[in-house]
Participant: 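The structure that follows is given in the form of structure tokens.
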Amino acid sequence: MSSLSIQHLLGLDGVPREDIQLLLDSADTFLEVLDRPIKKVPTLQGKTVVNLFFENSTRTRISFELAERRLSADVVNFSASTSSVSKGETLLDTARNIEAMKVDIVVMRHAAAGAGHFLSTRCTSKFINAGDGTHEHPTQALLDMYSIRQKHGSLEGLRVCIIGDIAHSRVSLSNIYGLKTMGAEVAVCGPASMIPWQLEKLGVRVFTNVDEALRFSDVINVLRIQLERDAGADFPSLREYHNSFGITRKRLEAAGKDITVLHPGPINRGVEIESEVADGPYSVILPEVTNGVAIRMAVLYHIGTKAE
Amino acid sequence: MASYFFKNARVVDPVTGLDGDRDVLVVNGIIDRIGENLSASDAQTLDFTGKTIAPGFCDMHVHFREPGQEYKEDILSGAASAAAGGFTAVACMPNTDPPIDNAAVATLILKRAEGLAVDVYPIGAVTKGRKGESIAPMIELRESGCVAFSDDGSPVYNTKVLRTALEYASMLDVPVIQHAEDPHLFKGGAMNESLVSTQIGLPPISRLSEDTVVVRDIAFTAYVDGRYHLAHMSTAGAAEAVRDAKQRGLKVTSEVAPHHFSLTDEALRSYDSNYKMNPPLRTAEDVLAMKEALRDGTADAIATDHAPHAIHEKEVEFVYAPFGIIGLETAFGLSVTELLLDGWLTLPQLIEKLSTNPRRILGLPVIRIEEGQPANFSLLDLAAQWTVDVNDFRSKSRNSPFHGRVLTGKPLGIFNNGQLILNN
């Protein structure tokens, strides 16, 4: 396999098409590994990966940890609640101390946008962003793209709409950057109060009517309302939100075409999406989860084995 | 006191209209003689060929952290930083700990500053504890030496309190200096709301936070015939509101910080917390609006909002870093580089913004470079090119986004209160 041009995976903004192509193609190989009776390769043997999770995350952390173990890396998990952060240590001191223990790759989830950028300029480890505030979540976008490609064969020219709480999401920006780089047409849809300022300048269409958005779309990526990020201040009630923006079977049928449905999870059933859709024939929500491990294996492999 | 003979200096005084090469003899802190081809054998002679003397600069907006956070800056280090930046006077904002909301704290600051070359003036809090709920003892604060009132760091947001404060300050003939910010719109924000905030995912602060409060405040100022000064103006909308208020003849003044006419929010793509200030860095359109406001007189003063923070406080995730940067030692270089060289201001106009106008706003005596007047000078090299190095600063703090930037125009030091302080 050839190698990435990037040193760290901090986001998909500015990541070249060749790099994304390489990661998606490599995931094919790793997906095949996951289907073997012995789901393990020695690719990262001798490398140490630290999962630095300053925010709770079940699926992303497990997905990364599985990917790391499938690649035979030594894995250390860190969560803020049991760390010296709760004793007042700064992020930089925490990272430098962990680094002094000779780790190779840091996978970090953090509530602050740019936390990975901040550390990557001050530390020597390779950094993989597992979600930073409302900024980016690049491996989620890669697995979304991989899942779309798996279904449609290519991303070029596909119409993809991200629907829901765009403003508080870290998935939407990564998806916008990655999908556009790969030649997809991208739109977003949600209440106007949940669309970030001047988002259309990133070259995306903006819908505030979900039925119009569905008529536009070949693929929809449905986002959760991030109530923990104060999203509740941006709309009147979950009931009204569901009635106006929720993805229902009726709405999908009215669009008159087979729309592929993604959701980065966790799902709020009956809010942004109804169960009939989440579990229905056009949903790739569960395959996305499997693909997530393969994509993260691809990212870890390429970042972890890249020479300085 | 010693005698000093500044030989062959360019003397620029916007008040008297003087702009020419002169010899200046200072005896016992007083300008004894000004003229051409003078001689003074008993005085220490300084060859000022190619150098400039201007009326001492006054920074009407600094944070000196004493009392309470002297590890960031204290009166002595702040004054040293001011002198290095060419400032002979500063006015200290009251967000100290305890705040300047009673005479004892104001007196402490004046006591600490006694005998310094830099004149240090306290600004009293508008409200008790800077809590925005009820006005501080403004008469007592004025009598103890406060030159204005402000809750800077926070807005005076309660409209009833604002009205009372404007009425009281007007009775005392000093301005209320407003930190214009709607706390509801500001809440949780870290940078200007723009395409950049959208792209880098930092929590945004809408320009409406500043614009709407300024418009509201001007209505109050007109109603009670008060004196209102807008601190650290940063948006095109606020400038438009102040311009309109001035055209209506209201007693409204404003200041612009050098970072707001030098930097845009594009710089935040680095996530460097040295670009985190409040109000936040705005867009290129706003930067142009600040320059235009300075040119047409909408902005009366250049003030630094010198806000020291320790390195460990800034070396954290951007959203957790405190707002504010230091500015005393880069203000003149940025003013020359961004405003003078680009033709936005003439040198006399620049000196008005740095010296004359801030003093007028604060009701301080305006400096005149004339025989018989106290010698209160900023000593300047307009042509010097230099590279900003935060390690050379006299401030205790290092939180400047201008480290490494090449500037034209360097302060050489100051003369004030009979003391000559030269850099290096």
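FYI, side chains are in, hydrogens and waters are out, and symmetry mates aren't considered; it's all heavy atoms of this structure. The chains referred to below are lettered A, B, ... by the order of the sequence lines, with proteins before strands, and numbering in each begins at 1.
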Participant: Within this structure, what is the OH-CG distance for the pair Tyr271(B) and Asp132(A), rounded to the nearest 0.5 Å?
Facilitator: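 Nearest 0.5 Å value for the OH-CG distance: 6.0 Å.
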Participant: Calculate, to the nearest 0.5 Å, the distance between atoms NE2 and CG belonging to His117(A) and Asp272(B) respectively.
Facilitator: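 So the gap between those two atoms works out to 13.0 Å.
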Participant: Which atom names give the shortest non-hydrogen contact between Tyr320(B) and Ala111(A), and what distance separates them?
Facilitator: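 In this case the closest contact between Tyr320(B) and Ala111(A) is OH-CB, 3.8 Å.
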Participant: State, to 0.1 Å, how close Ala113(A) and Gly201(B) come at their nearest heavy-atom pair, and which atoms those are.
Facilitator: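 That would be CB-O, 3.4 Å.
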Participant: About how many Å separate CG of Leu173(A) and CD1 of Ile200(B), when rounded to the nearest 0.5 Å?
Facilitator: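 It comes to 10.5 Å.
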Participant: With a 6.0 Å cut-off on ring centres, are Phe318(B) and His135(A) close enough?
Facilitator: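 Here the rings of His135(A) and Phe318(B) have centres that are no less than 6.0 Å from each other.
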Participant: Decide if atom CH2 of Trp344(B) counts as having more than 12 heavy atoms of other residues, nucleotides or ligands within a radius under 6.0 Å.
Facilitator: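 Enclosed.
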Participant: So, for Ala112(A) and Val319(B), which heavy atoms are closest and what is the spacing to 0.1 Å?
Facilitator: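 Heavy atoms of Ala112(A) and Val319(B) come nearest at CB-CG2, 3.5 Å.
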Participant: Do Leu202(A) and Gln199(B) come close enough that some side-chain heavy atom pair is under 4.5 Å?
Facilitator: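 They are in side-chain contact.
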Participant: Could you grab the distance from atom CD of Glu317(B) to atom CG of Leu91(A), nearest 0.5 Å is fine?
Facilitator: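 Between Glu317(B) CD and Leu91(A) CG, I get 4.0 Å after rounding to 0.5 Å.
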Participant: Which bit of Leu199(A) comes within less than 4.5 Å of chain B, counting heavy atoms only: side chain, backbone, both or neither?
Facilitator: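 Answer is both: backbone and side chain atoms of Leu199(A) are under 4.5 Å from chain B.
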Participant: Side chain from CB out, backbone as N, CA, C, O: work out which of these in Arg170(A) comes under 4.5 Å of a heavy atom of chain B, or both, or neither.
Facilitator: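 Answer is neither: Arg170(A) stays 4.5 Å or more from chain B.
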